[in-house]
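I have placed the structure first, in the form of structure tokens, so that the comments after it can refer back to it.
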Amino acid sequence: MKRIVVATHGELSKTLIETVELIVGSQTNLDYFCMTKDKSGEAGRQELKKIIFKNNEDQVLIFTDVFGGSVNNICAELLMDTQDPDRIHLVSGVNLPMLLTAILSLPSNSVEAVVAEAIQEAKQGIKYINDLLKGGDS
């Protein structure tokens, strides 16, 4: 089974998942982690570890919000500590187009292909609308 975990600072991950489910319906292969000011780094690490490794046979695709941020760093440490690093895939810079693409394409594609497609979709969704209205190609 393939699962997606969204891990962010604050409540962003929960809100992203609620938004995804508003668009595509309820998802069973989707979990989230919120790093709040009330959690210590170690408490966050333990919670993330439980979420990521709750089924040791799953392939897990983790999306974090900020590259180099505390949540991303904890996930990277867990990735480096695992005995089976090919099961865990970590991507930073999560946004809604990236997450929607991953959720819709994960069931029928390899995790590696989903990662590539999701990153591409995230990049293509970034537009400066003012330039587009002026006839530019942003």
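Side chains included, hydrogens not; waters and symmetry mates left out as well; all remaining heavy atoms used.
When atom types are taken as modelled, the side chain of D58 and the backbone of K2 share no donor-acceptor pair closer than 3.5 angstrom. Of the possible polar contacts, none joining the T82 side chain to the P85 backbone as a donor-acceptor pair under 3.5 Å is found. The main-chain N or O of S13 is found under 3.5 Å from a side-chain atom of T8 such that the two form a donor-acceptor pair. A donor-acceptor pair under 3.5 Å is formed between the side chain of T19 and the backbone N or O of T15. With hydrogens and angles disregarded, no donor-acceptor distance shorter than 3.5 Å links the side chain of Q124 to the backbone of A122.
I103 CD1 to L30 CG: the interatomic distance, rounded to the nearest 0.5 Å, is 4.5 Å. Residue L79 holds its CG atom at 13.5 Å from CD1 of I74, rounded to the nearest 0.5 Å. Interatomic distance, CD1 of I17 versus CD1 of I4, reported as 8.5 Å (0.5 Å rounding). Taking CD of E21 as the start and CD of Q27 as the end, the distance is 6.0 Å to the nearest 0.5 Å. Distance CD/E42 to OG/S40: 6.5 Å, rounded to 0.5 Å. In this structure, NZ on K134 lies 12.5 Å from CD1 on I129, to the nearest 0.5 angstrom.
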- Worked verdict on E121 versus M98 for side chain to side chain contact (heavy atoms under 4.5 Å, CB included): CA-CA 6 Å; E121 188 66 31; M98 174 188 283; over 6 Å; no
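Using a 4.5 Å heavy-atom threshold, the side chains of L78 and I52 count as touching. Between I23 and L96, the closest side-chain pair of non-hydrogen atoms falls below 4.5 Å. Between E11 and T36, the closest side-chain pair of non-hydrogen atoms falls below 4.5 Å. The shortest side-chain heavy-atom distance between L48 and C75 falls under the 4.5 Å cut-off. Two residues are said to be in side-chain contact when any heavy atoms from C-beta on lie closer than 4.5 Å; Q59 and M1 fail this criterion. Counting only heavy atoms from C-beta outward, the side chains of R87 and D84 approach each other to under 4.5 Å. Under the 4.5 Å side-chain criterion, counting only non-hydrogen atoms from C-beta, V5 is not in contact with F63.
Both L100 and L61 sit in one connected hydrophobic cluster of ILVMFWY residues. Membership requires side-chain heavy atoms under 4.5 Å apart, directly or through other members. The cluster map of Ile, Leu, Val, Met, Phe, Trp and Tyr, joined by side-chain heavy atoms under 4.5 Å apart, puts V94 and F67 in different clusters. Side-chain heavy atoms closer than 4.5 Å link hydrophobic residues (I, L, V, M, F, W, Y) into clusters, and following such links, possibly through other members, connects V71 to I62. No continuous path of ILVMFWY side-chain contacts below 4.5 Å connects V114 to L90, so the two sit in separate hydrophobic clusters. Connection of L104 to V20 is established within a shared hydrophobic cluster, with ILVMFWY side chains joined at heavy-atom distances below 4.5 Å, either directly or through further cluster members.
Surrounding CZ of F33 are more than 12 heavy atoms belonging to other residues, nucleotides or ligands, all under 6.0 Å away. More than 12 non-hydrogen atoms from other residues, nucleotides or ligands lie less than 6.0 angstrom from NZ of K39. By the neighbour-count criterion of 12 heavy atoms within 6.0 Å, atom CZ of F53 is densely surrounded, having more than that number from other residues, nucleotides or ligands.
Between R3 and K54, the shortest heavy-atom distance links the atoms NH1-CE, 3.7 Å. Across S70 and H9, no two heavy atoms sit closer than the pair OG-NE2, 3.0 Å. The two residues N73 and G68 have their closest heavy-atom pair at ND2-O, 3.1 Å.
A salt bridge between D31 and K50 is absent, with no side-chain N of the basic residue lying under 4.0 Å from a carboxylate O of the acidic one.
Between N72 and T64, the side chains place a donor N or O and an acceptor N or O closer than 3.5 Å (distance only, hydrogens not considered).
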